[in-house]
Amino acid sequence: MKVHEYQAKELLASYGIPVPKGGVASTPAEARLAAEQVGGRLVVKAQVHAGGRGKAGGIKLVSSPDEAEEAARSLLGTRLVTYQTGPEGAPIERVLVEEAVDNARELYLGMVIDGSAGGVVAIASEAGGVDIEEVASSTPEKILRVPIDPMLGLQGYQGRKIAYSLNLEPGLVRPVVSLVDGLYKAFEALDCSLVEINPLVVTTDGRVLAVDAKVNLDDDALFKHRELADLRDEGQEDPREVEASNAGVSYVKLDGNIGCIVNGAGLAMATMDVVGAAGAMPANFLDVGGGADEAKVAKALSIILSDDSVETVLVNIFGGILRCDVAARGLVMAAEAMPDAARPMVVRMLGTNAEEGRRILSESGLDVRLVDDLIAAAEAIKKSS
Ligand code: GDP
Ligand code: MN
């Protein structure tokens, strides 16, 4: 789950990370009030679940409460399109009004779960700011990666190694070491999948501040943190992902045109590989989950049929706890309920009650092509696309 910058800063501040003074506003009048409280020169920052706001005009430097109010008026109620949002952009419903800091240097500090390292990796760079992706691809040697042992946690020498790599003036080493320490504590305690401070600013008056903050929470650990569930902003999420999540279906929107319905996450990944191998692109990842019933399978198909980019639906069900006949009834139920959204389906069904499931589908009158294995599925997709 993603949270907004202002929420990320509140969370990180409670672990001792220094952040600029500021307040969040959802109307121009509130922005003026926040600006009056903070005083001085200010930044007005669009709150959307995406980076790249600076380059997209979502961050405005202003010098009075009047201007802050005006900047908020121009941002609120519009959609911000950044390279991370896609062409439809993300709605701006809040702005963060903060003291403008004078940047002497912009550093990068992040932590992320790294599957191949089997744990958290801290990432730091002297070359922080809006072009960190460019730095990572063209000058990777400017980026330090420090894997953290999950049993030992962040070690003192690792924090110092990170701080020294940033070429700080001597007086800032200790504050940065304690900041790195606080960041790891927050990461662990909140069950994050990613935290990122970019830029971590060294101000002209010698302070270190998290000028931007990103916190992603691990969805599978949210049950441990009831208080964090309130930070969710569904308005920033893909509506299909919200619908799927409410139905207990794992769904991630992707860019292709083959809608996938699968039971089991591993099988779903393998299915996407098959789509790729056939020279096509999946329109989504979808795992209906082990204990799925007819209604859940129907929900899954209706979500996929509501996606205009889907041209063919690929169903790959391995019947176990979810029996094939139950899955087939769910598919028919959804397809019949949305006749205008019908698309050809390629269906592979194996396991418990597969025969019954296949019979239900072939007698349904729907455009269904039954295949026996994934190679045949790939062939069928190739022909259809
Ligand atoms: P992002 O573009 O979505 O990553 O948003 P950021 O919060 O990182 O802001 C983008 C850039 O705007 C930063 O790298 C800074 O250069 C600049 N910026 C943001 N806040 C301030 C500020 O308070 N003072 C100054 N001088 N620049 C800022
Ligand atoms: Mn940033």
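In each ligand, atom 1 is the first atom listed, and ligand 1 is the first ligand listed. Residue numbers run from 1 in the order of the sequence given.
- For the residue pair E196/Y108, the side-chain donor-acceptor check at 3.5 Å is satisfied.
- Here's the thing with A100: none of its N/O atoms is less than 3.5 angstrom from an N/O atom of ligand 1.
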Check: residues 171-190 side-chain donor-acceptor pairs under 3.5 Å, at least two apart:
from : atom 1 : to   : atom 2 : distance (Å)
S178 : OG     : P175 : O      : 3.3
D181 : OD2    : K185 : NZ     : 2.7

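- Enclosure of atom CE in M338 by more than 12 non-hydrogen atoms of other residues, nucleotides or ligands within 6.0 angstrom is indicated.
- Shortest distance from the Mn ion (ligand 2) to D212 is reached at OD2 (N/O/S atoms only).
- Short contacts between ligand 1 and E106, defined as distances under 4.0 Å to a heavy atom of the residue, involve ligand atoms 13 (C), 14 (O), 15 (C), 16 (O).
- Listed by number with element, the atoms of ligand 1 under 4.0 Å from a non-hydrogen atom of D212 are 1 (P), 4 (O), 5 (O), 6 (P), 7 (O), 8 (O).
- Within ligand 1, the atoms closer than 4.0 Å to a non-hydrogen atom of V101 are 22 (C), 23 (O), 24 (N), 25 (C), 26 (N), numbered from 1 in the order shown.
- Under 4.0 Å from ligand 1, the heavy atoms of N198 that appear belong solely to its backbone.
- The closest protein non-hydrogen atom to atom 12 (O) of ligand 1 is I59 CG2, 4.3 Å.
- Residue E99 places a heavy atom under 4.0 Å from ligand 1.
- Considering N103, I197, D131 only, the shortest heavy-atom separation from atom 27 (N) of ligand 1 involves N103.
- Side chain to side chain, D102 and T203 fail the donor-acceptor criterion of an N or O pair below 3.5 Å.
- Using modelled atom types, no side-chain atom of R53 and backbone atom of Q47 make a donor-acceptor pair closer than 3.5 Å.
- Remark: side-chain polar atoms of T139 are not paired, donor with acceptor, to backbone N or O of E141 under 3.5 angstrom.
- Side-chain contact annotation: N246 with E243, donor-acceptor N/O pair under 3.5 Å absent.
- Heavy-atom separations between K45 and ligand 1 include at least one value shorter than 4.0 Å.
- The shortest N or O to N or O distance between V43 and ligand 1 is not under 3.5 Å.
- In terms of hydrophobic clustering, with Ile, Leu, Val, Met, Phe, Trp and Tyr side chains grouped at heavy-atom distances under 4.5 Å, V215 and L107 are assigned to a common cluster.
- With respect to R348, the side chain to side chain donor-acceptor pair (under 3.5 Å) criterion is satisfied by exactly one of D373, N316, D372: N316.
- Annotation for ligand 1: atoms under 4.0 Å from non-hydrogen atoms of G54 are 1 (P), 2 (O).
- Less than 4.0 angstrom separates some heavy atom of V211 from each of these atoms of ligand 1: 19 (C), 20 (N), 21 (C).
- For atom 5 (O) of ligand 1, the closest heavy atom belonging to the protein is R53 NH2, 3.1 Å.
- The ligand atoms of ligand 1 that sit less than 4.0 angstrom from a heavy atom of P199 are 8 (O), 13 (C), 14 (O).
- Judged purely by distance below 3.5 Å, without hydrogens or angles, the side chains of D66 and S64 never pair a donor atom with an acceptor atom.
- Residue-ligand proximity, G51 to ligand 1, at heavy-atom distances under 4.0 Å covers atoms 3 (O).
- Within a 6.0 Å radius of CG in D255, no more than 12 heavy atoms belonging to other residues, nucleotides or ligands are found.
- Per-residue contacts place V130 under 4.0 angstrom from the following atoms of ligand 1 (heavy atoms of the residue considered): 10 (C), 11 (C), 14 (O).
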